[in-house]
Amino acid sequence: MPSHTESLERLGLRSPVIQAPMAGGGDTAALVAAVNEAGGLGFVGAAYLTPAQIAERARDIRDRTALPFGINLFAPTPAPGPAPMMAEAMARVADFHAELGLPEAEEPAYSGDAFDRQMAALLDSGAAFYSVTFGLPPADSVAAAKARGIRVLGTATTVAEAVALERVGVDAVIAQGGEAGGHRGSFMGDAWEDRGANLVGTMALVPQVADAVGVPVIASGGIMDGRGIAAALALGATAVQMGTVFLTTEEAGIPEAHKAAILAAREDQTRITRAFSGRPARGIVNRFMEAVEDPDAPDAVLPFPLQNTLTRPLRTVAGKAGRAEFLSLWAGQGLGLARRRPAGELVADLLRGTEAVRRRLAG
Ligand SMILES: Cc1cc2nc3c(=O)[nH]c(=O)nc-3n(C[C@H](O)[C@H](O)[C@H](O)COP(=O)(O)O)c2cc1C
């Protein structure tokens, strides 16, 4: 078995700290650069970016840091199935539109999948890492990335998904536990079964994935400090991918109301919901989530990405107006450990904290 340092080197990482890609604006170029310069690996969640925006963000990062960074995409998403309760779904946002002074919601339309064009931009971006969530990276994207020396990572929420990712040739598997903030990366089985009650936690998932695959494992979900990082390494992970802890840094691009909600919330105040995008994701429970997610009318939430398109105008205006009750307040269960601080200081602390725990455990 390779040593931890060998596994890191094999993956091209300088330390075990990876800042999670966070599509939707959290992962600014300033955040990615600050993480890199402090010894971590910064990532851009580019799923909602156009090819031109991907190129621009990459340029902005390269202007700030010469160190490697990553870009993440959603795997190609099939066209959404039927939406039998379109009228009801629209009715559920109507009152909120009125409350925020927005015109009536428009019926969301599917505009096709952007993966191929986004992937072309990624290949030209100068990124050193390419990661995927919501599915397997297409074989041609894996081959194209590898031909350019770009390392390929895939997200798994079960052992079966991890094995499937290894088969398509990823360089490492990100094992995303149920504690994780944001969208579930699940792509086999039904991640919404029992409204998320069957999610596997990071503590249970990481060693089972590490036993099942030969490639390095990156633990993700609920990891907030050096204790969590050292624990993940003890479970067999080579590195960790952390999202929530970076959301309250000065460089994170989310609305101030979202940062304040994370800093005020308790560990038992998040839930898995489809209310904002149509795909299961973990966020802090708020008024919108409770009003829209109705166990008696599951089809009143549209399939992804239609629900995402439907709720976007409302979320955009709510962000500017500081109305947290209408925002997708993505956050993981470790949120009580989040602090407001510069990202570089955070990464330095994470690295110091991990070493301190390792020394203490070594006696
Ligand atoms: C605001 C937010 C946005 C996210 N967006 C993405 C994304 O675009 N792509 C992705 O692979 N993971 C995304 N994630 C999930 C992270 O990669 C990671 O699994 C998660 O943040 C880990 O849990 P933690 O938040 O408890 O650290 C997102 C997470 C958050 C909190």
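On a predicted model such as this, the values are computed, not experimentally measured, just so you know. Just so you know, ligand 1 is whichever comes first in the structure, and atom 1 is the first atom listed for that ligand. Heavy-atom basis, side chains included; hydrogens, waters and symmetry copies ignored. Position 1 is the first residue of the sequence, and the numbers go up from there.
Remark: the backbone N or O of Ala75 is paired with a side-chain donor or acceptor of Thr77 at under 3.5 angstrom. Between the side chain of Thr28 and the main chain of Glu251, a donor-acceptor pair closer than 3.5 Å is present.
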Show your working on side-chain hydrogen bond (donor to acceptor under 3.5 Å, both in side chains) between Thr65 and Glu37 and close with a plain yes or no.
CA-CA 7 Å; Thr65 177; Glu37 293 298 315; 2.6 Å; yes
Given salt bridge (Lys or Arg N to Asp or Glu O under 4.0 Å), test Glu6 with Arg10 step by step and report yes or no.
CA-CA 6 Å; Glu6 283 164 352; Arg10 177 173 156 191; over 6 Å; no
Audit row: Arg340, Glu250, salt bridge (Lys or Arg N to Asp or Glu O under 4.0 Å) steps and yes/no:
CA-CA 7 Å; Arg340 197 186 289 275; Glu250 286 168 10; over 6 Å; no
The test is ring-ring contact (aromatic ring centres under 6.0 Å, His included); show your working for His183 and Trp330 and say whether it passes.
CA-CA 8 Å; His183 282 102; Trp330 301 145; 5.3 Å; yes
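Short contacts between ligand 1 and Gly222, defined as distances under 4.0 Å to a heavy atom of the residue, involve ligand atoms 23 (O), 24 (P), 26 (O). Near Thr244, meaning under 4.0 Å from one of its heavy atoms, ligand 1 places the atoms 24 (P), 25 (O), 26 (O), 27 (O). Close approach to Gln176 involves these atoms of ligand 1, each under 4.0 Å from a residue heavy atom: 15 (C), 19 (O). The ligand atoms of ligand 1 that sit less than 4.0 angstrom from a heavy atom of Gly332 are 26 (O). Contact atoms of ligand 1 toward Trp330: 1 (C) (distance under 4.0 Å to a heavy atom of the residue). Close approach of ligand 1 to Gly221 (heavy-atom distance below 4.0 Å) involves ligand atoms 22 (C), 23 (O), 26 (O). Close approach of ligand 1 to Ala180 is summarised as follows: ligand atoms under 4.0 Å from at least one heavy atom of the residue are 20 (C), 22 (C), 23 (O), 26 (O). Each of the atoms 27 (O) of ligand 1 lies under 4.0 Å from some heavy atom of Met242.
Among all non-hydrogen protein atoms, the one lying nearest atom 20 (C) of ligand 1 is Gly181 O, 3.6 Å. Given atom 2 (C) of ligand 1, the protein heavy atom at minimum distance is Met22 CG, 3.6 Å. Looking from atom 17 (O) of ligand 1 to the surrounding protein, the closest heavy atom is Gln241 NE2, 2.9 Å. For atom 28 (C) of ligand 1, the nearest protein heavy atom (residue, atom name, distance) is Pro21 O, 3.7 Å. Among all non-hydrogen protein atoms, the one lying nearest atom 11 (O) of ligand 1 is Asn72 ND2, 3.1 Å. Among all non-hydrogen protein atoms, the one lying nearest atom 22 (C) of ligand 1 is Ser220 OG, 3.2 Å.
Residues Ile272 and Val200 do not share a hydrophobic cluster, clusters being chains of Ile/Leu/Val/Met/Phe/Trp/Tyr side chains in contact below 4.5 Å.
Between Thr155 and ligand 1, a contact under 3.5 Å exists for no N or O pair. For ligand 1, the polar-atom distance check against His258 finds no nitrogen or oxygen pair separated by under 3.5 Å. The N/O atoms of His183, backbone and side chain alike, include none that comes under 3.5 Å of an N/O atom in ligand 1. At least one N or O atom of Gly243 sits closer than 3.5 Å to an N or O atom of ligand 1. In terms of polar-atom proximity, Leu247 is not counted as a contact of ligand 1, lacking any N or O under 3.5 Å from an N or O of the ligand. Considering backbone and side-chain N/O of Ala20, none are found under 3.5 Å from N/O of ligand 1.
Remark: Arg279 is positioned above the aromatic ring of Phe134, its terminal NZ or CZ atom under 6.0 angstrom from the ring centre and at most 45 degrees off the axis.
For Phe115 and Phe74, the distance between ring centers is not under 6.0 angstrom. In summary, the aromatic rings of Phe129 and Phe69 are positioned with their centroids too far apart to meet the 6.0 Å limit.
Among residues at least two apart or in separate chains, there is no side chain to side chain donor-acceptor pair (under 3.5 Å) pair with a member in residues 100-122.
Note that the CE atom of Met289 and the CG atom of Leu327 stand 11.0 Å from one another [nearest 0.5 Å].
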